[in-house]
S.K.: 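After the C-alpha cells below, expect a handful of questions from me.
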Amino acid sequence: MDRMLRPLHRWVWGDFDRRVRKLLAFAEVEGDGGRDILRAAELTPDPLLRRLYLEHAIDELRHADLFRQRGAALLQLRSARSEVDLNTNPLPGGHGLDDLAIEGEPDHRLLAFLHVAEKAAAGRFTIYRDVVQDDPSTRAIFEEILRDEVFHMNYTYTQLARVLPRSYRRQVWQARGSRLWKRYLRLAAAVANVLGSAILTVIYFVVLAPFAWLARRAARREPAGWIPIARAGSDSPTSQY
Ligand SMILES: [Fe+2]
Ligand SMILES: [Fe+2]
C-alpha cells in the first residue's frame with residue numbers, strides 16, 4: 001500500500017512547507033509515544049520489559065528531538081520567505097504510536113501493538129528516506145531513526161513470543177486488526193465530515209434561495225398598515241383585549 005502511495009509521499013515531501021510540517025508533526029508523535037512507553041516501563045511487573053521499555057522510550061524521545069531540531073533548522077533556513085502554517089497536517093504521522101493506550105493494558109497486548117506500529121514505522125521511514133534524496137541532513141535522520149525502529153520492531157516480537165509463547169501470532173493479528181479498524185474509523189470520520197459539509201452547502205444554496213423567494217412573495221401579498229378584524233360575539237366584556 002505504502003509503495004503504491006510513493007508518488008504521494010514524494011509530492012508531500014517535495015514541498016518545503018509540507019516537509020517542515022511533517023517533521024514537526026513527527027516530533028510530536030514520537031515524543032508522545034516516548035512518554036507513553038515510559039509510563040509502560042513504570043507499570044510493567046516484568047523487570048526485563050521494564051529495561052527494554054526504558055531504552056525504547058529514550059529512543060523515541062531522541063527521535064522527537066531529532067525531528068524537532070531538523071524542522072527548526074529548515075524553518076530558520078527559510079525565515080526570509082513567507083510564514084509556514086504549522087497547524088495543519090496533510091497526512092497522518094509515520095509511526096502510528098498516537099493510538100497507544102497504556103493504562104490497564106497487559107504487556108502482551110502492548111507488545112503486539114508496538115510491534116505492528118514499529119513495523120509500519122520502519123516501512124514508512126524507509127520510503128521517506130528514499131524520497132528526500134535532495135536533503136542529505138533529513139535523509140541521515142531517517143536513516144538513523146530507521147535503525148532504531150527495526151530494533152523496536154524485533155525486540156517487541158521476541159518479547160511477545162517470550163511472554164505469550166502459545167498465542168503470540170494470534171495476538172499480532174489482533175493488533176493488526178484493531179489498527180486497521182482504527183484507520184477505517186478515522187477515514188470514515190473524515191469522509192463523513194466532507195460529505196456533511198457538501199450536503200449542508202447544497203442545502204444552503206438549493207433550499208434557502210427558494211425559501212427566501214417564497215417568503216418575499218408572501219410578504220408582498222400581505223396588505224400594509226392596520227387591518228380591521230371582524231368582532232367575535234364571544235369576546236369577554238372585561239378583557240382588556
Ligand atoms: Fe521512533
Ligand atoms: Fe520506535
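We count ligands from 1, going down the list as the structure has it; atoms in each ligand are counted the same way. When reading the values below, keep in mind they use all heavy atoms of this one structure, side chains included, and skip hydrogens, waters and symmetry mates.
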S.K.: Does CZ in Arg169 sit with more than 12 non-hydrogen atoms of other residues, nucleotides or ligands closer than 6.0 Å?
M.R.: no
S.K.: Kindly list each side-chain donor-acceptor pair under 3.5 angstrom involving residues 106-117, sequence neighbours excluded, with atom names and distances?
M.R.:
{"unit_1": "Asp107", "atom_1": "OD1", "unit_2": "Thr44", "atom_2": "OG1", "d": "3.4"}
{"unit_1": "Asp107", "atom_1": "OD1", "unit_2": "Tyr53", "atom_2": "OH", "d": "3.0"}
{"unit_1": "Asp107", "atom_1": "OD2", "unit_2": "Thr44", "atom_2": "OG1", "d": "2.6"}
{"unit_1": "His108", "atom_1": "ND1", "unit_2": "Gln171", "atom_2": "OE1", "d": "3.4"}
{"unit_1": "Arg109", "atom_1": "NE", "unit_2": "Glu105", "atom_2": "OE1", "d": "3.3"}
{"unit_1": "Arg109", "atom_1": "NH2", "unit_2": "Glu105", "atom_2": "OE2", "d": "3.0"}
{"unit_1": "His115", "atom_1": "ND1", "unit_2": "Met153", "atom_2": "O", "d": "2.9"}

S.K.: Is the distance between the Fe ion (ligand 1) and the nearest N/O/S atom of His152 smaller than 2.8 Å?
M.R.: no
S.K.: With heavy-atom distances below 4.5 Å as the criterion, would you say the side chains of Asp46 and Arg162 are in contact?
M.R.: yes
S.K.: Hey, which N, O or S atom on Glu149 ends up closest to the Fe ion (ligand 1)?
M.R.: OE2
S.K.: What N/O/S atom of Glu60 is the closest to the Fe ion (ligand 1)?
M.R.: OE1
S.K.: What N/O/S atom of Glu118 is the closest to the Fe ion (ligand 2)?
M.R.: OE1
S.K.: Could you please spell out the steps behind the salt bridge (charged side-chain N to carboxylate O under 4.0 Å, His left out) verdict for Asp65 and Arg68?
M.R.: CA-CA 5 Å; Asp65 282 346; Arg68 193 171 302 110; 3.4 Å; yes
S.K.: Output yes if Asp148 passes the N/O/S-under-2.8 Å test against the Fe ion (ligand 1); output no otherwise.
M.R.: no
S.K.: If you consider just the N/O/S atoms, which atom of His63 is the closest one to the Fe ion (ligand 1)?
M.R.: ND1
S.K.: Can you see whether Trp173 has Arg176 sitting over its ring - NZ or CZ less than 6.0 Å from the centre and within 45° of the normal?
M.R.: yes
S.K.: For the Fe ion (ligand 2), does an N/O/S atom of Glu30 lie at less than 2.8 Å?
M.R.: no
S.K.: Quick check: does Asp59 have an N/O/S atom under 2.8 Å of the Fe ion (ligand 1)?
M.R.: no
S.K.: Partners of Tyr184 by side chain to side chain contact (heavy atoms under 4.5 Å, CB included), sequence neighbours excluded?
M.R.: Trp181, Ala188
